[in-house]
Each structure stands twice: as C-alpha cells, then as structure tokens.
Protein chains: 2
Amino acid sequence: MKFNTVTIKDIAKALGLSTSTVSRALRGGYEISEETKKIVLEYAEKINYRPNPIALSLKERRSHSIGVVVSEIANNFFSQAINGVESVAYNRDYHVIITQSHERFDREVMNVEHLASRSVDGLLISLSSESSDISYLKSLHDKGLPMVFFDRITEEIHTHRVIADNLKGSFEATEYLISLGHKRIAHITNASHLSITRERLEGYKAALQRYQLPFNEDYVKHGKSQGIEQEEIDQAIRELFELPEPPEAIFIAQDKLSLFCLMAIKKLAPAHLEDIAIAGFTNANVVDLFSPSITAVRQPAFDMGKTATELLLQLIESKRPVEEFQTKVFNTELIFTNSHRISG
Amino acid sequence: MKFNTVTIKDIAKALGLSTSTVSRALRGGYEISEETKKIVLEYAEKINYRPNPIALSLKERRSHSIGVVVSEIANNFFSQAINGVESVAYNRDYHVIITQSHERFDREVMNVEHLASRSVDGLLISLSSESSDISYLKSLHDKGLPMVFFDRITEEIHTHRVIADNLKGSFEATEYLISLGHKRIAHITNASHLSITRERLEGYKAALQRYQLPFNEDYVKHGKSQGIEQEEIDQAIRELFELPEPPEAIFIAQDKLSLFCLMAIKKLAPAHLEDIAIAGFTNANVVDLFSPSITAVRQPAFDMGKTATELLLQLIESKRPVEEFQTKVFNTELIFTNSHRISG
DNA sequence: TTGAAAGCGCTAACAT
DNA sequence: ATGTTAGCGCTTTCAA
C-alpha cells in the first residue's frame, strides 16, 4: 500500500548526488549550482516526484492545512462559510479539513484533538451547542495552537473572533414584526449559553423595549442542547399556540430552527398559516420558495468565512506572538420575500 | 509550535526504560511483563500521553482516516450521505476528511492527490461534473489505493459502487407526471457524461415510450459542466417557455437543479405557477415548504453513505486483494407534498 | 523480558 | 557547491 514510491533518495541515487543536495535543489536553495538544480528538477519532473507531506509534517511540525469545526455542514450558514474559508485557503496554498460536531461536545473534542494531533496549523471553530466547558480548547490555545472563533464564539479564549451583528439583526427583525402591528411576538432560539443565543435574545428584548412592549418569558423557547430535532420545535410550537394569548408573530434565532419552525407551523397550526408573521435567521438561498413565507435575517456567511480564515492565516504566519486581537462584526441583511403575496 | 510534547522518549527516560519497551508496553505487546506494562500505562495516563499519528502514518503508511470527495456539501444529498459515512467511520475508529470539488476537475484532482499523499487509507468519491478523464484516479487505484464510488460513478475503474436506482426513480417520476395527464414533459439535467445523467435520462425516455409519448430533443436541457449556477437554469426555463409548444410538466434530474428550477419558474414564468407540474430529484428535507410544490424523488442518502463506507472499510481491511466487486443499488422514494393543495 | 539500532521521507546544521 | 549526519516519533528486527 505505498504510492508516491518516488522519494528524494531515489533521485539522489539515480543522479549520483546526496539526498541533501537533491532536497536543496528541489526547494531552490541558492547554494546549489544552476546546472545541478536543472538536472534534479528535470529528473524529478520526469519521474513525477511528489514530496511526502507526512514526512514534512513530522519534521516541521506543521502541515499547511487548517481545521474547521462546525456543528452541521447541512446548515446553510456553515456550508456557505466553509466556501469562504476554502476560497482564501486554497489561494494561499492551505488545505482545509472539515469536521462536524453534530452539536455534541464529545464529537467536538474528538475532532479538535484529532486535528491538533494531525498538526493542523490552526483551527476555525464554531462551538457546538453543548460546549460550555471549553478548557480543552484553552489548553490547546495556551500551547500555541492558533485558533479563530466564528459565529458561536467564547469570551474565555483571547483570540480573533468573527461574528454577525446579532443584536442588530435581531433588533431589526423584531422591529419589523412590530411594524406589521404585532404585539405578541414569540422567540425561538438555541441553548442558552451560546453567544449567539444571548445576543439574539438581547436584540429581541431591545426591540420590545424600544416599542414599549412587555417581555413575556412564556414566549421564549430554547431548544435543548442538541437542538437539531424537528420534534423539539414541534413541541415548542404546540406550547406557544396553547397559550391563552398565542403569539401573532415569531422571531427565530437560527438557520435550522427557522426551517423546522416553518414545518411545524404548517403541520400543527395550519389555521394560523395566513395570519402569523415569521422572521428568522436563515441563510437558505431558496427562501423565496417557502410557504409560509419568512422574512430572513441573513448573515454574510461567505465573507465571514473568508475573514476568519484571513485572520487565522495571519496568526499562523506571524513571526512574533500576536497580542492584539480583533472581533470583526458583520452586518446582517433583512430579506423580504413576496411569496406570501403570490401564493397566499 | 509543538503540542503533544510528551513522546515515548519522555516516558522511557522518566521510567528508566528503552523506547522500544515503552512502545511495546503501550500497545500491549505480550512479551512485556505485566509489571512493566502497568507502570508504563499508568505513567502514560498520568502525563496524558497521546501517540503522534503523523509519526505513525509515516511509518505504517496508513492513517486510519478516509477521504471523501463530493462536489458540494451544500447539496442535501451529499451532506446526508456524509452523515452516513461518519456514522460508520466513527464507530470503526476512522476519521473522515471531507473535501469539495465544486464541480471542477482541477479541484477534484487536487483534493484526491492531497488526500492520497496524506495517506488516507481509502477514498469515497462522487465525481465532479467536469470529470470525464479519470486516468489520474485509475493510476492511484492501480497503485493500490482502495476507493468506492457513489452516486456519480464510473465504469472505468473496477471497484465497489453505490448508487440509487436512477432509472427506476426517473421512470416513476415521469410516469407520475404523465398520470396527471401531461403529455409535454421537459427534462432538466446535468452534464451529459455523468453516470447519473445518462441513467436518469434513460428513465425519463423509458416512461415516455411506455406511454407512447414522443421524445422531443427540445425538451431536454443539460446544465453546462459547471452546472451550479442559477443563471444557467434561468436560461433553460426561458427557452422552454419560448417554445411554440411549451412543456406542461418538468422532470429535473438533480438536487440543486430542482431548487434552481423552482426559483426560475417562480421568477420567470409566474403565469404558469398554477398549472405546471414539477417533479425532481431532491433530498431537501423542507420540500413540504416549497411553493411551487414539487414531487420529490428522494435517495436514501444516509444509507448510501453508510453502505459505501462499509464497502470501503472492507476493502481497506481485507487481507488479500479483493477480486469481486459489487454495485449496490438503492431504491428511491417518490414523495408527494400537499402544499399546492394548501397554498394554491 | 528488555535494549540497541535502523528506518519511514525529509531538512538543516555542520562539515568539506 | 556538495556531502555527512542527526533527528522529527514511532515500530520492529535483531541481539542480549
């Protein structure tokens, strides 16, 4: 089971040179005569020599690859962000290794440790909804593994962060629902310790307050930690509509939750389909097709992925320890669809 | 930039043993005394020793990881298939490295070569729509790299394959459209050299023939090789509706194309929204929400991913060269939504 | 039962 | 300008 059978040794032997000369010639070392260089390069080309990256990693302690940890690639936000990551990484000759935590803490730890032990040069992480104790990350970070957090970030580790302006995005969405004349607005969101959950809840509250609407605890539904089951959202919707004063509008704080929520309403509350207003975070690019329609809070996922990667590569390639960290905040966009005008 | 600072050498030094003894003790070599074993294991545990997988890979020529190459993780079929892959791989202690070709041949080659040179133990591939010359894969396969094709397969490499029953799925979808009374049925599909394209086109033709409808070349639209642009589908839809006899129904051969197609119709032919019937391959799990509605041909993506991985691990772990290869064919499911009854 | 030494592919300090 | 050698972390003959 060996490919890449061709090694530097083979070239050296064939050309009657030493391995070090060959090595230097291949990487264009200036001490090598043009002639030798030429011979070596031509021969290497001829026999299709490829350096063995594993040997390189072992030696150099780096791999020219970065690891990405997200909860679900099936989430539109993440798959778009990953495309942004790749666009930067490939241009700068880094490989991207994608892993999913499926919102589970143990999976996240396992992925991170595997990536670290495989000598990825850095990590791009969006925390799973189960991850509250992140000391395992902290210790890797302390040991010098560069990392950048995006989307679901933590304050506990001092490094670059890339997020959307969750507070503003939520405020605007809620405000929009209020502008439609609704007063009873529910909020469906993630596990409460996630950064995005807190910020989006804050935006929702801020809008209520701004328009002097009361905040009602009963209108807020947190997905359980796993938060990726239709079941859970069905239950939340049921409870909301069983309230003595059911909501007239719903604001949802996350991509998959938004879709589950539309499904749940269609299934469980068809009578309300026409009159309930829905807004929610989602990066689905077929949002125009949805019925019931939803006003989408869209994050610039691609750009966020790009920026996070640029920051990470900056950390990785910096000669001296970086002391100044940035938190880049991206604006969200509120997207109105006219599908309810067409089909409802 | 070194983590994993703890090596076998450290343990050996601390315990006054040789590295080889420690190595053997750690992997439970039977020649080591119980006592030494115990001491070593306890100490290793205490200082949190983790073997360096890179060193292992260099030595053993394998990595206990498998590579996956798909065109787009944002495609529902693929993200679901990958979940199936992971479910098997993690249970058997393999890591999964996901890469995307974005329907580009050069990206595919680059990914495959990177994976191979990183000593993945095997490859799970669904070809990009640009990939017609796959000699680069053939040569890796000849050198002994185990690979299993799924979804977009090739006949040129003799190995296991996992596909859906594309012919039957297409036949049933087309038949369903015919059963609604439609006679002019268009077909929108991928690049013509892909296996799935051929098979699905065949199914479509077979259904037409079975019900004695004429096959009309003008009703068939192939996405260009890149096939992942809304633009392209818009153009196809425009052309179809400009025909003297525009289609009454459309059958679409692929996940993303189906969604693009719904968007295009909504945008460009709103007048037809109520009367055109649409069926298409898609694994979107929010298909119930779509308006216009679509009858979905759904592939058992998760199971296909699982099976492909089981076959691959079988190849990887087989002691002797495998000579007998299987092509596993999975049934598709036709899913009817009632959303057009509710909203239209 | 344990240790010494070689080697996986490559680079780099140290000769020459 | 080129060669010799050691070493990255680990396993595995071969010796003791």
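Chain naming here is simple, since letters A, B, ... match the order of the sequence lines and numbering starts at 1 in each.
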Subject >> N/O (side chain, A/Ser33) to phosphate O (OP1/OP2, D/dT2) under 4.0 Å >> reply: yes
Original post:
If you look at every strand shown and take non-hydrogen atoms under 4.0 Å, does A/Leu17 touch a base, only sugar-phosphate, or nothing?
Top reply: sugar-phosphate
Subject >> Whole-Å gap separating C1' (C/dG7) and CD1 (A/Ile8) >> reply: 16 Å
Original post:
For the side chain of A/Ala55, counting heavy atoms from C-beta on, which of C/dG9, D/dT11, D/dC8 is nearest?
Top reply: C/dG9
Original post:
Please give, in whole Å, the distance from C/dG7 P to B/Arg61 CZ?
Top reply: 14 Å
Subject >> Over all atoms of both residues, closest heavy-atom pair of B/Leu145 and B/Val120 >> reply: CD1-O, 3.7 Å
Subject >> B/Glu317 with B/Arg92: basic N within carboxylate O range, under 4.0 Å >> reply: yes
Subject >> Presence of B/Arg24 side-chain N/O under 4.0 Å of C/dT1 phosphate oxygens OP1/OP2 >> reply: no
**OP:** Measure from the side-chain heavy atoms of A/Asn52 and tell me the nearest of C/dG9, D/dG3, C/dT1.
**Re:** C/dG9
Subject >> Separation of C/dT11 P from A/Ile11 CD1 (nearest whole Å) >> reply: 11 Å
**OP:** Output yes when at least one side-chain N/O atom of A/Thr21 is less than 4.0 Å from OP1 or OP2 of D/dT2, else no.
**Re:** no
Subject >> Candidates C/dT1, D/dC10, D/dT4 - which lies nearest the side chain of A/Ser18 >> reply: D/dT4
Subject >> Nucleotide C/dT1, atom P - distance to CG of B/Leu15 in whole Å >> reply: 18 Å
Original post:
If you find the nucleotide of DNA chain D closest to A/Tyr30 and the one closest to B/Ser23, which residue's nucleotide is nearer the 5' end?
Top reply: A/Tyr30
Subject >> Charged N-O contact under 4.0 Å between A/Arg152 and A/Glu103 >> reply: yes
Original post:
Which whole-number value in Å describes the distance from B/Leu26 CG to D/dT12 P?
Top reply: 13 Å
**OP:** Using atom CD1 of B/Ile54 as one end and atom C1' of C/dG9 as the other, report the distance to the nearest whole Å.
**Re:** 13 Å
Subject >> Atom pair distance, as rounded to whole Å: CZ in B/Arg27 and C1' in D/dC10 >> reply: 9 Å
**OP:** For A/Thr19 and for A/Glu31, find the nucleotide of DNA chain C with the closest heavy atom, then tell me which residue's nucleotide is more 5'.
**Re:** A/Thr19
**OP:** Before accepting this row, confirm whether a basic side-chain N of the pair A/Arg107/A/Glu130 lies closer than 4.0 Å to the acidic partner's carboxylate O.
**Re:** no
Subject >> hbond_proxy A/Ser20 side chain to D/dT4 base (donor-acceptor, 3.5 Å cutoff) >> reply: yes
Original post:
For the atom pair CG (B/Leu15) and CG (B/Asp10), what is the distance rounded to the nearest 0.5 Å?
Top reply: 11.0 Å
**OP:** Compare the minimum distances between each of C/dG3, C/dA12, D/dG7 and the side chain of A/Lys59, then state the nucleotide with the smallest one.
**Re:** D/dG7
**OP:** Starting from the 5' end of DNA chain C, give me the residue, B/Leu58 or B/Thr36, whose nearest nucleotide shows up first.
**Re:** B/Thr36
Original post:
Which heavy-atom pair separates A/Ile66 from A/Ala89 by the least distance, and what is that distance?
Top reply: CD1-CB, 4.4 Å
Original post:
How is A/Ser57 classified with respect to the nucleic acid when contacts are heavy atoms under 4.0 Å: base, sugar-phosphate, or nothing?
Top reply: nothing
**OP:** Whole angstrom is fine here: how far is it from NZ in B/Lys13 over to P in C/dA4?
**Re:** 14 Å
**OP:** With the side chain of A/Pro51 defined as its heavy atoms from C-beta on, choose the nearest nucleotide among D/dG9, C/dC10, C/dT2.
**Re:** C/dC10
